[in-house]
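Data first, discussion second: the structure below is written as structure tokens.
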Amino acid sequence: MADITHWADVIADEVLAKGTKHLVATGITPSGHIHIGNMREVVTADVAYRALIDKGAEAEFIYIADTYDPLRKVYPFLDEASYAQHVGKPLSEIPCPCGEHKSYSEHFLEPFLGALEHLGIHPKVYRADELYKEGVYAEAIKQALVKKDEIAAILQKLSGKTPAETWSPFNPICSECGKINTTIVKGFDLDAETVDYDCSCGNSGTVSMNGGGKLTWRVDWPARWKALGVTVEPYGKDHASRGGSYDTGVAIVKDIFGSEAPHPIVYEWIMLGKQGAMSSSTGVVVSISDMLKVVPPEVLRYLIIRTKPEKHIRFDPALPLLTLVDEFERLHSSDNATSYDKRMIELSHAAGLCHTDIPFKHMTTIYQVAAGDFDRILNIVKRAGYDTSNEKCIRELAENVGNWLEMYAPDNAKFSVQEELPVMAATITDFQRAFLISFSDLLDKSGELTGEDYHNLVYSSKEPGSELNTMIANAMEVAPESLQVDPKELFKAIYISVLGQASGPKAGWFLSSLEKDFLARRFREAAAYRP
RNA sequence: GGGCUCGUAGCUCAGUCAGGCAGAGCGUCUGGCUUUUAACCAGACGGCCUAGGGUUCAAAUCCCUACGAGCCCGCCA
């Protein structure tokens, strides 16, 4: 099988065949909590952008927040009484639900931009309301108003729907009621750059083309392509049907604005676990912030990058997440990764993205040993010999792991170090006692031990003549030759003493994560326990 | 009703654009390592490539049809 080219590089090649200068754009409406499908859009765009850069293209990456869109309805998470009056107004002109932000749109935009930062995605951010107010769309608005009938014909022909008599590609914002979907255009003045309107609230007036209103979506999109020079843009499959907004956009940008449509990248939705497609109506929703709570950012990137955009992605935050993380880490440290694997890893990393070499699984042990206390986590990580120069990354990983344990981990992944000797110590056998007391003495005598040291030490009990073997024999008052040691029993004794359960995480990692003095004390205590 | 996308091992998916011996990881099983486990090493099992037809010396791949899954088609992204 020939080397496989990653889809991002395939796209880059296709796009490069059209020219070397590119603008990758992505746009999302901050009308509510920005969800996981939107995350796929920006990661997809970011990867396409990076593939272009890697191939030497002169590329830029922008994100446009559609802050000038009207509020469609009072969403369930909004207060009916106070938001009913704002339906129809541009999002940027509506008060923030929590009162902390400048506007409604900023309320949802801000956490999303934070998530982008988190994922190492750094587009130039534009807000649609600012673009309109700055006059970026003025030329397109004029052309759209002049060629209104042509646009209507295109919409009619491609989407099969007849625009209303009073339809206009430009929707003025009423100066009286502030709404954008209740006005009817009565006329316009190209020189003054103004539009006259009547509003259903009874008001009429004149607005500026620069911020006084906005183009309707199906015209706004192609206008944006033209005004900003967009050449590559991913969008959800909801826009991809025949007669959908991409189709009409292609025709409008060509016939009305005299420009080209961007190279399309259609992407599928992300499905959640076994519950099917994510949808707000069925209640199957994972917000980006929930997702980022448990998945390290580069793993989330990997999840999206490994799958071609047009295939759906199944995301299951329970045990399959652990498999995904493992797969990523294995690939990451693999010596014989294919060029395709390497490319995926490369694209999963990103400028400014946190990366530590601490495996997620190991952190689940460390985190639980430390009971989530970050100073203790850091100490253990240091002792285990990991690089601790990037404390911020370690903190992020620890938070992911902590959230995962709390929200999604299966029971067999969980344990807690008992403050007091567990009552289960009553089940400890004489042989296990002999081991625990001997082990405890050895710990007192030795210096700091690594995970491997602990591991080897426990197994040394099997070797005749080893210090531990001799000590156990003495404690049992038998001849060393007749001592039968099954390491399984020893591990069990350790888990019982510390966790109060018969099994636990890999002993080496586990023991080296705990204080040696604590272990010595606890083992001695367990050995002495006689109910 | 119209449209878009997908269907390949028990699971998650590569491979389809450019036709040339059916692939990977995970899981399962076997063996190994003084190695407990959610570890590591070696190997095995595992497929009518959703079904049917067509083109071809040759089809998972191209064409047509059917079936299944998800979604879009209310100008509200």
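Computed from a predicted model, the values in this text were never measured in an experiment. So that the names make sense, note that chain A is the first sequence line, chain B the second, and so on, each numbered from 1.
Whole-Å rounding puts the A:Leu215 CG to B:C76 P distance at 14 Å. Rounded to whole Å, the distance from CD on A:Glu233 to P on B:A77 is 14 Å. When the C1' atom of B:A77 is taken as reference, atom CH2 of A:Trp221 falls 9 Å away, rounded to whole Å.
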Review item, nucleotides 20-28 of chain B N/O atoms under 3.5 Å of protein N/O:
{"unit_1": "B:C26", "atom_1": "OP1", "unit_2": "A:Arg330", "atom_2": "NH1", "d": "3.3"}

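Between the side chain of A:Asp69 and the base of B:A77, at least one donor-acceptor pair of N or O atoms lies under 3.5 Å.
Checking B:A77, B:G7, B:U36 against every side-chain atom of A:Lys311, the shortest atom distance belongs to B:G7. Taking the side chain of A:Trp269 as heavy atoms from C-beta on, and the options B:C71, B:U12, B:A39, the nearest nucleotide is B:C71. For A:Lys308, the listed nucleotide lying nearest its side chain is B:A14; candidates were B:A14, B:C71, B:C4. Taking the side chain of A:Lys361 as heavy atoms from C-beta on, and the options B:C76, B:A38, B:C75, the nearest nucleotide is B:A38. Among the nucleotides B:C71, B:A14, B:C13, the one closest to any side-chain atom of A:Lys237 is B:C71. The side chain of A:Thr307 has B:A14 as its nearest neighbour among B:A38, B:A14, B:U36. When the nucleotides B:U5, B:U36, B:A38 are ranked by their closest atom to the side chain of A:Glu310, B:U5 comes out on top. Ranking B:C4, B:A14, B:G70 by closeness to the A:Glu268 side chain, first place goes to B:G70.
On the P atoms, B:U8 is 14 Å away from B:G15, given to the nearest whole Å. Between the P atoms of B:C21 and B:U61, the separation comes to 14 Å (whole Å). Using atom P as the reference point in both B:A60 and B:C48, the two lie 14 Å apart (nearest Å).
A donor-acceptor contact closer than 3.5 angstrom links the side chains of A:Tyr132 and A:Asp220. Of the N and O atoms on the side chains of A:Glu346 and A:Ser348, not one donor lies less than 3.5 Å from an acceptor on the other residue. A donor-acceptor contact closer than 3.5 angstrom is absent between the side chains of A:Tyr104 and A:His86. Checking A:Thr29 against A:Ser31 by side-chain atom types alone, no donor-acceptor pair falls below 3.5 Å.
Comparing A:Gly243 and A:Gln368 along RNA chain B, the residue whose closest nucleotide (by nearest heavy atom) sits nearer the 5' end is A:Gly243. Heavy-atom distances to RNA chain B give each of A:Thr29 and A:Val10 a nearest nucleotide, and the one nearer the 5′ end belongs to A:Val10.
Considering only residues two or more places apart in sequence or on other chains, A:Phe435 meets the ring-ring contact (aromatic ring centres under 6.0 Å, His included) condition with A:Phe439. Under the ring-ring contact (aromatic ring centres under 6.0 Å, His included) criterion, A:Trp7 pairs with no residue, sequence neighbours left out.
Using a 4.0 Å heavy-atom cutoff across all strands shown, A:Thr216 reaches no nucleic acid atom at all. Contact annotation for A:Leu155: base contact, defined as any heavy-atom pair under 4.0 Å involving a base atom.
The shortest distance between the side-chain N/O atoms of A:Trp217 and the OP1/OP2 oxygens of B:C75 is not below 4.0 Å.
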Verify salt bridge (charged side-chain N to carboxylate O under 4.0 Å, His left out) between A:Arg306 and A:Glu327, making sure each step is shown before the conclusion.
-> CA-CA 11 Å; A:Arg306 72 207 269 262; A:Glu327 185 183 319; 3.5 Å; yes
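Across A:Gly243 and A:Thr248, no two heavy atoms sit closer than the pair O-CG2, 4.1 Å.
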